[in-house]
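Notes follow the structure.
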Amino acid sequence: MAERQTATYLNERFAAAGLRPLTRFGQNFLIDLNLLELIARSAEMRKTDVILEVGTGMGSLTTFLAKAAGAIVTVEIDDNLAQLSQAELEQFPHVKQLHVDALKNKHTLAPELMDSVRFAMEKLGEESRFMLVANLPYNIATPLISNLLVCDTPPDRMVVTIQKELADRITAAPGSKDYGALTVWVQAQCRPEIVRIMSPQVFWPRPKVDSAILRIDLQPERRAALPDLKFFHETVRALFFHRRKYLRSVVCSGFKGRLDKAQVDAALAAAGYTGGERAEQLHVEQIIGLTEHLRQAVISASES
Ligand SMILES: C[S@@+](CC[C@H](N)C(=O)[O-])C[C@H]1O[C@@H](n2cnc3c(N)ncnc32)[C@H](O)[C@@H]1O
């Protein structure tokens with residue numbers, strides 16, 4: 001296993017197969033064995049857990065996951081890597097390989113992913129939890145994390161390697177430049193925590209930016225307290241769509257056709273705002289409260 005983690009090994013293996021790592025698929029492989037172990041350890045997996053891995057690559061992280069979890073669903077878009085990793089993973093009957101694009105489109109996961117996860121969870125029984133553990137392709141990290149939180153069965157935990165800049169956005173505090181729709185969407189239902197910052201040297205080939213291992217723990221009671229998840233998701237995106245604009249203006253444009261200006265002013269006042277605030281100043285609980293006032297206003301407006 002250890003030899004499979006070196007840049008020399010990967011270089012030779014790719015060259016022998018006549019391949020090159022593809023930038024368009026975010027093919028930067030972790031070559032530090034300790035970090036692969038850290039990712040697996042941070043997930044605190046049990047033998048009844050189902051793990052989704054997006055980006056099988058050569059199957060190195062998959063091997064760690066297979067040793068700790070009850071079932072693995074690993075997804076790879078690249079024909080050549082899907083083939084190479086198949087040989088490595090054949091020894092694990094509880095690893096299911098899917099050879100598809102993990103995203104059907106920007107807002108939807110490929111249906112095979114959650115179908116396979118649900119099937120594995122049923123087999124493993126009531127105790128089973130679902131987690132995403134992956135060294136993610138950076139170009140799909142945001143939609144993947146975001147879309148998984150829309151699912152009826154969201155992951156109990158995600159432990160992912162992503163760009164540091166994205167980890168900073170997910171863990172940001174109100175008022176900071178990184179604080180935005182993604183921060184609020186994740187923090188309203190989960191507790192995110194940066195486990196480790198990683199320099200480009202721990203990857204082959206080296207990416208241009210720093211990376212981070214991020215652990216995101218679902219908080220089911222917080223998620224259950226959001227009465228309409230879809231409405232919340234859309235509202236948060238609308239609130240941060242024009243970062244420089246004041247609350248009244250972003251709410252008016254986000255709710256155009258559903259609330260008139262007087263109704264917007266009434267909803268803002270009921271939530272305790274003048275409209276002269278900016279969304280980025282409001283902490284997550286305040287945005288949850290404001291969204292609920294807007295939801296009630298939309299319901300009343302549609303009934304009148
Ligand atoms: C950062 S590499 C990680 C590989 C391996 N897990 C590791 O840790 O070394 C990302 C992997 O995701 C695959 N990938 C990229 N886009 C994908 C997509 N849309 N769906 C599924 N796999 C994808 C790439 O081909 C690549 O193998």
Side-chain angles (χ1 to χ4, degrees), residues 1-7 9-11 13-14 17 19-43 51-66 69 72-89 92 95-114 116-117 131-148 158-164 166-167 196 198 200-214:
M1 158 58 72
E3 63 141 16
R4 285 180 33 202
Q5 305 318 127
T6 66
Y9 172 81
L10 287 171
N11 222 330
R13 194 76 206 277
F14 268 69
L19 304 174
R20 275 194 211 165
L22 300 176
T23 311
R24 76 171 186 282
F25 288 152
Q27 291 177 353
N28 301 100
F29 304 91
L30 251 180
I31 52 169
D32 186 322
L33 192 66
N34 294 324
L35 290 171
L36 285 170
E37 265 170 352
L38 177 63
I39 295 171
R41 202 168 58 242
S42 302
I51 310 299
L52 173 65
E53 180 192 31
V54 172
T56 318
M58 302 285 282
S60 7
L61 178 60
T62 328
T63 307
F64 279 90
L65 305 178
I72 320 295
V73 176
T74 183
V75 191
E76 177 55 58
I77 195 172
D78 185 309
D79 301 344
N80 296 311
L81 293 188
Q83 226 178 340
L84 284 177
S85 56
Q86 197 175 356
E88 304 283 349
L89 298 174
F92 301 112
V95 173
K96 180 172 176 60
Q97 286 190 266
L98 296 176
H99 180 191
V100 290
D101 184 337
L103 291 179
K104 185 174 164 203
N105 57 51
K106 199 176 165 221
H107 299 296
T108 326
L109 299 172
E112 296 93 322
L113 269 62
M114 290 309 296
S116 300
V117 166
M131 298 187 199
L132 172 74
V133 185
N135 174 17
L136 289 179
Y138 290 169
N139 53 335
I140 65 160
T142 302
L144 193 77
I145 293 170
S146 210
N147 292 337
L148 275 168
M158 306 190 223
V159 179
V160 286
T161 303
I162 53 178
Q163 286 190 7
K164 177 180 175 294
L166 178 57
R196 181 71 62 88
M198 298 182 295
Q201 285 95 292
V202 300
F203 295 93
W204 178 85
R206 293 179 183 183
K208 290 194 172 70
V209 294
D210 281 345
S211 303
I213 299 172
L214 183 72

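Ligands are counted one by one from 1 in listed order, and the atoms in each one are counted from 1 as well. All residue numbers refer to positions in the sequence shown, counting from 1.
Only backbone heavy atoms of Thr56 (N, CA, C or O) come within less than 4.0 Å of ligand 1; its side chain stays farther off. Within the 4.0 Å heavy-atom criterion, the part of Leu81 lying near ligand 1 is the side chain and not the backbone.
Residue Leu30 has at least one heavy-atom neighbour below 4.0 Å for each of these atoms of ligand 1: 9 (O). Residue Ile140 approaches ligand 1 through these ligand atoms, each under 4.0 Å from one of its heavy atoms: 18 (C), 19 (N). Which parts of ligand 1 touch Gln27 is read off a 4.0 Å heavy-atom cut-off, strictly below it: atoms 24 (C), 25 (O), 26 (C).
Within 6.0 Å of the CZ atom in Arg13, the count of heavy atoms belonging to other residues, nucleotides or ligands exceeds 12. Surrounding CD of Gln83 are at most 12 heavy atoms belonging to other residues, nucleotides or ligands under 6.0 Å away.
Under a 4.0 angstrom heavy-atom cut-off, Glu53 registers as being in contact with ligand 1. At least one heavy atom of Val100 sits under 4.0 Å from some atom of ligand 1. By the 4.0 Å heavy-atom criterion, Asp101 is counted among the residues contacting ligand 1.
Counting only non-hydrogen atoms, the option in Asn135, Leu65, Thr161 that gets closest to atom 7 (C) of ligand 1 is Asn135. If you check each of Met58, Arg24, Glu76 against atom 27 (O) of ligand 1, the one with the closest non-hydrogen atom is Glu76.
Looking at atom 20 (N) of ligand 1, its nearest protein heavy atom turns out to be Ala102 N, 2.9 Å. Nearest protein heavy-atom neighbour of atom 15 (C) of ligand 1: Phe25 O, 3.0 Å. Protein heavy atom nearest atom 2 (S) of ligand 1, with residue, atom name and distance: Gly26 O, 3.6 Å. Counting protein heavy atoms only, atom 23 (C) of ligand 1 is closest to Ile77 CG2, 3.4 Å. Regarding atom 12 (O) of ligand 1, its nearest protein heavy-atom neighbour is Gly55 CA, 3.0 Å.
In terms of N/O distances under 3.5 Å, ligand 1 is not approached by Asn28.
Note that OG1 of Thr63 and CG of Leu36 are 9.0 Å apart. Values are rounded to the nearest 0.5 Å.
For the pair Met58/Glu88, no side-chain contact is recorded, criterion being any heavy-atom separation below 4.5 Å from C-beta on. With contacts defined as side-chain heavy-atom distances shorter than 4.5 Å, the pair Leu113/Val100 qualifies. Using a 4.5 Å heavy-atom threshold, the side chains of Gln201 and Asp32 count as separate. Using a 4.5 Å cut-off on side-chain heavy atoms (C-beta onward), Asp79 and His99 make contact. Counting only heavy atoms from C-beta outward, the side chains of Ile39 and Phe64 never approach each other to under 4.5 Å.
A donor-acceptor contact shorter than 3.5 Å links the side chain of Asn147 to the backbone of Lys106.
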Could you give me the CA-CA distance, side-chain angles and deciding distance for Thr161 and Tyr138, then say whether side chain to side chain contact (heavy atoms under 4.5 Å, CB included) is met?
CA-CA 9 Å; Thr161 303; Tyr138 290 169; 3.7 Å; yes
